[in-house]
Amino acid sequence: MAPPVQPAKVAHAPQPTEPADEPKGKQKLICHSCGEAVPYNVAKFCWFNKPKFGGNLYCIECQKKVAAT
Ligand SMILES: [Zn+2]
């Protein structure tokens with residue numbers, strides 16, 4: 001039987017040292033082809049068109065190339 005109250009020793013902290021000034025989900029979005037930063041709305045377009053882009057992120061310029069093939 002486990003004791004009802006655990007000791008005040010937490011194995012894993014809920015948050016490591018991370019700046020909390022940016023909303024979650026705003027990760028670094030990088031074009032899979034050229035490495036350019038991809039705006040969120042452009043990345044979203046890639047996610048909506050996963051079959052076309054193979055689940056990768058592409059900037060607008062590279063999207064044209066990928067979609068053309
Ligand atoms: Zn690109």
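For the numbers below, each heavy atom of this structure counts, side chains included, while hydrogens, waters and symmetry mates do not. Just so you know, ligand 1 is whichever comes first in the structure, and atom 1 is the first atom listed for that ligand. Residues: numbered from 1 along the sequence shown. A quick note: this is a predicted structure, and the numbers were derived from the prediction, not measured.
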Inset, instruction - Take the angle between the ring planes of H32 and Y58 and call it parallel below 30°, perpendicular above 60°, tilted in between. - result: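 It falls in the perpendicular class, over 60°.
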Legend entry - Whether Y40 and W47 hold their rings parallel, tilted or perpendicular, with breakpoints at 30° and 60°: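 Ring orientation of Y40 relative to W47: perpendicular.
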Legend entry - Residue that, paired with L57, satisfies side chain to side chain contact (heavy atoms under 4.5 Å, CB included) out of C62, S33, C46: C46
Inset, instruction - Mind listing the closest non-hydrogen atom pair of A43 and L29 along with its distance? - result: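 Smallest interatomic distance, heavy atoms only, reads CB-CD1, 3.8 Å.
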Legend entry - Spacing of Q63 atom CD and F53 atom CZ [to the nearest 0.5 Å]: 4.0 Å
Legend entry - Point-to-point distance, once rounded to the nearest 0.5 Å, from CD1 of I60 to CG of N41: 7.0 Å
Inset, instruction - Provide the protein N, O or S atoms situated under 2.8 Å from the Zn ion (ligand 1); waters are not included. - result: C31 SG, C34 SG, C59 SG, C62 SG
